[in-house]
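Inspection log for the structure reproduced underneath, given as structure tokens.
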Amino acid sequence: MPEKIDFSKIRFLICDPNALSLTMLGDILSMLGANYVRRVNDFEKAMGVLKEGNIDIVITEYDLPVEGGNKLCDYIRNDPASRDRLMPVIMLTARSEEQYVVEARDHGVNEFVAKPYTVDSLYKRLSSVIAYPRPFISAPGYFGPDRRRKQMPFNGKERRGVDPNAKPS
Amino acid sequence: MAKPKVQIIQPSLDLRKRAVNFKTGFGVILTPEETVKLQAVVEKSSDGFVRQIAAKLKQLREALAALDDGQAPHPGLIERVATDALEIKGLGGTFKFPLLTQISKSLHDYAAQIKDANVWHGVIFAHHIDALYVVLAQRITGLGGKVEAELLKALRQASTKYK
């Protein structure tokens with residue numbers, strides 16, 4: 001029997017300054033069954049919602065008024081006040097050039113979806129962060145999801161500490 | 001032994017435990033029927049998209065028309081063109097207007113690289129905006145045909161020539 005995702009169990013924060021994009025994304029999540037979707041159009045409001053807690057997944061634009069989506073991700077991953085440093089962050093943006101993808105990845109974004117997007121491409125990323133979450137890496141200068149997508153054979157000395165019970169500090 | 005500098009932290013399975021099941025919700029992999037349901041949500045927003053983009057283009061046209069003869073676009077206008085073009089780029093393809101996405105990408109890239117504005121920048125803006133208008137007004141979904149490909153090529157050439 002195939003696995004399903006019950007989106008009513010997940011609480012979303014979606015951030016986009018474009019009203020139409022925000023509405024459409026909210027409507028897609030509602031169609032999926034999500035009934036807790038906080039919609040904001042700028043960085044400050046997004047921070048306010050995050051500080052309240054009660055959010056499981058953030059979907060954000062790169063371009064948010066005042067500060068960008070990467071800054072939001074920085075707060076989630078690195079701020080001592082962050083409620084959940086492992087919270088999935090999906091970046092949904094028209095800035096699809098490689099430099100923005102790399103930048104977002106280095107700020108700890110889990111998934112990057114280039115606009116214009118299809119519902120299928122968005123869903124794959126959502127499904128991935130919920131059903132198949134990636135391990136996190138804590139390293140000097142980086143805290144976020146493992147940036148390696150492929151398992152490549154490595155014949156050198158293993159220099160990373162692997163602690164299955166490690167929690168973010 | 002020195003403390004390892006890099007730690008691998010096992011993923012949190014909280015969301016998986018809470019939401020993944022065998023009874024309710026959408027499949028971890030979407031079925032064609034589920035995709036159709038979600039696509040219907042996008043189509044429902046399609047009229048709003050056309051209205052929003054038409055209004056933006058009208059405002060940009062008016063702002064360009066308000067420039068005096070021989071006047072270069074001011075920084076605020078250039079920034080607005082770049083911002084609006086980026087928004088159109090991000091939405092066009094979702095609503096089956098990939099040509100809008102391509103033209104607005106050309107416009108955004110052009111506006112974003114301007115350092116010292118001159119009168120030609122306004123002219124190139126106007127040509128892009130006119131092209132976007134035509135695509136929207138004629139409801140040219142998909143990438144169009146030979147004429148549209150030539151138009152896009154001409155816009156890119158003009159953008160390169162009048163940097």
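Residue numbering restarts at 1 for every chain, and letters A, B, ... go by the order of the sequence lines.
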What part of A:Pro145 lies closer than 4.5 angstrom to a heavy atom of chain B: side chain, backbone, both or neither?
neither

For B:Phe95, which atoms come within 4.5 Å of any heavy atom of chain A: side chain, backbone, both, or neither?
side chain

Report the option among A:Met31, A:Glu3, A:Lys4, A:Met1 that has the most heavy-atom pairs separated by less than 4.5 Å from atoms of chain B.
A:Lys4

If hydrophobic clusters are built by linking Ile, Leu, Val, Met, Phe, Trp and Tyr wherever their side-chain heavy atoms come under 4.5 Å apart, do A:Phe112 and A:Phe143 end up in the same one?
no

Ranking A:Asp63, A:Thr93, A:Asn18, A:Leu92 by heavy-atom pairs under 4.5 Å to chain B gives rank one to A:Asn18

With under 30° as parallel and over 60° as perpendicular, where do the rings of A:Tyr123 and B:Phe26 fit, or are they tilted in between?
tilted

Nearest heavy atoms of B:Thr35 and A:Val119, plus distance in Å:
O-CG2, 4.3 Å

Can you tell me which portion of B:Lys17 sits under 4.5 Å from chain A's heavy atoms? Options are side chain, backbone, both or neither.
neither

Looking at B:Glu34, B:His108, B:Lys89, which one has more heavy-atom pairs under 4.5 Å with chain A than the rest?
B:Lys89

Is chain A contacted by the side chain of B:Gln39, its backbone, both, or neither, given a heavy-atom distance below 4.5 Å?
both

Specify the closest pair of heavy atoms between A:Ala94 and B:Gly90, including all atoms of both residues, with the distance to one decimal.
CB-CA, 3.7 Å

Check the pair A:Asp56 / B:Arg18 against salt bridge (Lys or Arg N to Asp or Glu O under 4.0 Å), numbers first and verdict last.
CA-CA 11 Å; A:Asp56 298 313; B:Arg18 229 191 294 165; 2.9 Å; yes

ILVMFWY cluster, A:Phe12 and B:Val20 together (side-chain gap under 4.5 Å):
yes

Of all heavy-atom pairs between A:Ser138 and B:Ile9, which one has the smallest distance, and what is that distance?
CB-CD1, 4.0 Å

Atom CZ of A:Phe136 and atom CD of B:Gln10: how far apart are they, to the nearest 0.5 Å?
12.0 Å

Between the main-chain N or O of A:Tyr117 and the side-chain N or O of B:Thr94, is there a donor-acceptor pair closer than 3.5 Å?
yes

Just verifying a value: how many Å separate B:Leu38 CG and A:Thr118 OG1, rounded to the nearest 0.5 Å?
10.5 Å

Shortest non-hydrogen contact from A:Pro133 to B:Ser12?
CG-O, 3.5 Å

Is A:Lys71 atom NZ crowded by more than 12 heavy atoms from other residues, nucleotides or ligands, each under 6.0 Å away?
no

Checking heavy atoms, do the side chain of B:Ser45, its backbone, both or neither come under 4.5 Å from chain A?
both

Test A:Arg95 against B:Glu87 for salt bridge (Lys or Arg N to Asp or Glu O under 4.0 Å), laying out the working first.
CA-CA 10 Å; A:Arg95 294 195 186 269; B:Glu87 280 191 7; over 6 Å; no

The residue among A:Leu86, A:Ile57, A:Ile5 that forms side chain to side chain contact (heavy atoms under 4.5 Å, CB included) with B:Leu15 is A:Ile57

In A:Ser128, A:Ser127, A:Pro2, the residue satisfying side chain to side chain contact (heavy atoms under 4.5 Å, CB included) with B:Val28 is A:Ser127

